[in-house]
Amino acid sequence: MRWLRGLIARPAPTLDPAQWRRVRAAVPWVGALDAERDTRLAALSARFLHEKTLTPLGGLVLDDDQRGMLAALCCLPLLEFGAEGLHGWSQLIVYPDAFRVAREYTDAAGVMHAWDDDLIGEAWESGPLILSWADVVADLAEPDVGCCVAVHEMAHKLDALDGALDGTPPLPRDWQRAWARDFQAAYDAFVDVVDAGRDTEIDPYAAEAPEEFFAVCTEYHFSAPMLLRTHLPTVAAHLDRFYGPSPFAARGV
């Protein structure tokens, strides 16, 4: 049966070259890639569009090029990790703007607290990835200021692949131990700075939790790699190895 399945295997999905040129022109991170990584990203993006259901809500309409742009942004963090990073979920939901999510929390005294959060992105551990299109467009307009909501949420998806959303994605054992040690030390030091009320060059949202620290640092790896290397050199070294060099590394951003 394996032999028979091999005979009828379908060819890998591809993107129209003209469409990919338009995506490359519209997404600064893609346009800055070398030829080999550009080819790899095009293949990952085609697979993304083939495997994922892309659902615009709230009257938003996305054309093929915009869908290709979203696929490319979501696949940037997979250039080294590969298509295994697409496993475990099936849908990308896109709102026109920030979206509201109802939250509940029961404290130690048994009192339930309920509130609404306005979000620009969210990644469920085994559910959809959700983005605000307005914020994706804002990231494209200012690609070198440390913000990229799509790669932030994809970092959460990678983090969740080992069953624990803790800021450590699946890695070989020795690297995983070094990663956990170095990220925890950097996170603890960063939290101390934020809790002391001191200004930080890295978005203080990174102090919310270890998984947010990883996701925020991922944004800086892609959009402000020199700033990340200056302020969190150990973290930057791990991310260079995990994601490959930032497309903007040669710019000195």
Side-chain angles (χ1 to χ4, degrees), residues 12-83 85-86 91-99 119-123 128-155 157-158 215 218-227 243-253:
T14 60
L15 289 178
D16 174 70
Q19 180 189 5
W20 185 246
R21 285 194 295 271
R22 294 191 295 272
V23 169
R24 199 164 55 221
V27 181
W29 297 282
V30 181
L33 290 174
D34 59 72
E36 192 275 332
R37 298 178 86 205
D38 176 89
T39 299
R40 213 185 312 162
L41 184 63
L44 285 165
S45 301
R47 181 164 177 170
F48 183 100
L49 291 171
H50 179 72
E51 294 182 359
K52 307 300 181 192
T53 300
L54 204 161
T55 307
L57 298 179
L60 178 66
V61 177
L62 297 170
D63 62 28
D64 287 345
D65 285 359
Q66 290 166 331
R67 289 168 180 264
M69 291 159 59
L70 286 164
L73 285 167
C74 289
C75 290
L76 271 172
L78 307 183
L79 277 167
E80 300 301 321
F81 194 89
L86 297 174
Q91 187 177 29
L92 170 61
I93 296 172
V94 189
Y95 284 90
D97 212 321
F99 50 95
L119 304 179
I120 64 172
E122 188 173 32
L129 188 150
I130 310 171
L131 297 173
S132 155
W133 176 247
D135 288 276
V136 169
V137 171
D139 291 341
L140 295 173
E142 292 187 286
D144 56 1
V145 296
C147 299
C148 185
V149 63
V151 301
H152 179 112
E153 302 306 334
M154 280 300 297
K157 284 297 188 184
L158 290 170
T218 292
E219 294 187 75
Y220 281 88
H221 169 80
F222 284 98
S223 58
M226 288 299 295
L227 189 152
Y243 293 124
S246 170
F248 289 172
R251 298 186 179 187
V253 176

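Keep in mind that what you see is a predicted model, and the values were worked out from it rather than measured. Side chains included, hydrogens not; waters and symmetry mates left out as well; all remaining heavy atoms used.
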Are any of the side-chain heavy atoms of D97 and D135 separated by less than 4.5 Å? yes
Do S132 and V149 come close enough that some side-chain heavy atom pair is under 4.5 Å? no
Heavy-atom distance under 4.5 Å between the side chains of L73 and C148, does that happen here? yes
Just how far is it from atom NE2 of H152 to atom CD1 of I120, taken to the nearest 0.5 Å? 8.0 Å
Salt bridge check: are R40 and E36 linked by an N-O gap of less than 4.0 Å? yes
Side chain of K52, backbone of A71: donor and acceptor closer than 3.5 Å? no
Nearest heavy-atom contact between G85 and M154 is O-CE, 4.2 Å
Of the non-hydrogen atoms in H221 and G244, which two are nearest, and what is the gap between them? NE2-O, 3.0 Å
Is the backbone N or O of I130 less than 3.5 Å from a side-chain atom of E122, with the two atoms forming a donor-acceptor pair by type? no
Heavy-atom pair with the smallest gap, counting every atom of F48 and C74: CE1-CB, 3.7 Å
In terms of heavy-atom contacts, L49 and G68 come closest through CD1-CA, 4.1 Å
Is there a side-chain contact between W29 and S223 (heavy atoms, below 4.5 Å)? yes
L33 side chain reached by L79 side chain, heavy atoms, under 4.5 Å: yes
Whether the side chain of R37 engages the backbone of P247 through a donor-acceptor N/O pair (distance < 3.5 Å, no angle test) should be reported. no
What I'd like to find out is whether the side chain of Y243 reaches to under 4.5 Å of the side chain of P77, using heavy atoms alone. yes
Working to the nearest 0.5 Å, report the span between OG1 of T218 and CG of L76. 11.5 Å
Can you establish whether the number of heavy atoms outside Q91 located under 6.0 Å from its atom CD is more than 12? yes
Tell me every residue that passes salt bridge (Lys or Arg N to Asp or Glu O under 4.0 Å) with R67, counting only those two or more places apart in sequence or in another chain. none
Q19 side chain vs D64 backbone, donor-acceptor pair below 3.5 Å: yes
I'd like to know whether I93 forms a side-chain contact (heavy atoms from CB on, under 4.5 Å) with F99, so could you lay out the CA-CA distance, the side-chain angles of the two residues, the decisive distance to 0.1 Å, and finally the verdict. CA-CA 11 Å; I93 296 172; F99 50 95; over 6 Å; no
Restricting to salt bridge (Lys or Arg N to Asp or Glu O under 4.0 Å), what partner residues turn up for D38, sequence neighbours left out? R24
Distance in Å, E153 CD paired with E219 CD, rounded so as to fall on 0.5 Å steps: 8.0 Å
Which is it for M69 and L140 under the side-chain contact (heavy atoms from CB on, under 4.5 Å) test, yes or no, and what are the steps along the way? CA-CA 10 Å; M69 291 159 59; L140 295 173; 3.5 Å; yes
Write down the atom of A215, the atom of A155, and the distance for their closest heavy-atom approach. CA-CB, 3.9 Å
Flag side-chain contact, heavy atom, 4.5 Å: S45 against V23: no
Quick one: are P56 and W133 in side-chain contact, heavy atoms under 4.5 Å? no
What's the spacing between D144 CG and D139 CG if we round to 0.5 Å? 11.0 Å
Which heavy atom of K157 sits nearest a heavy atom of P128, and at what distance? NZ-O, 3.8 Å
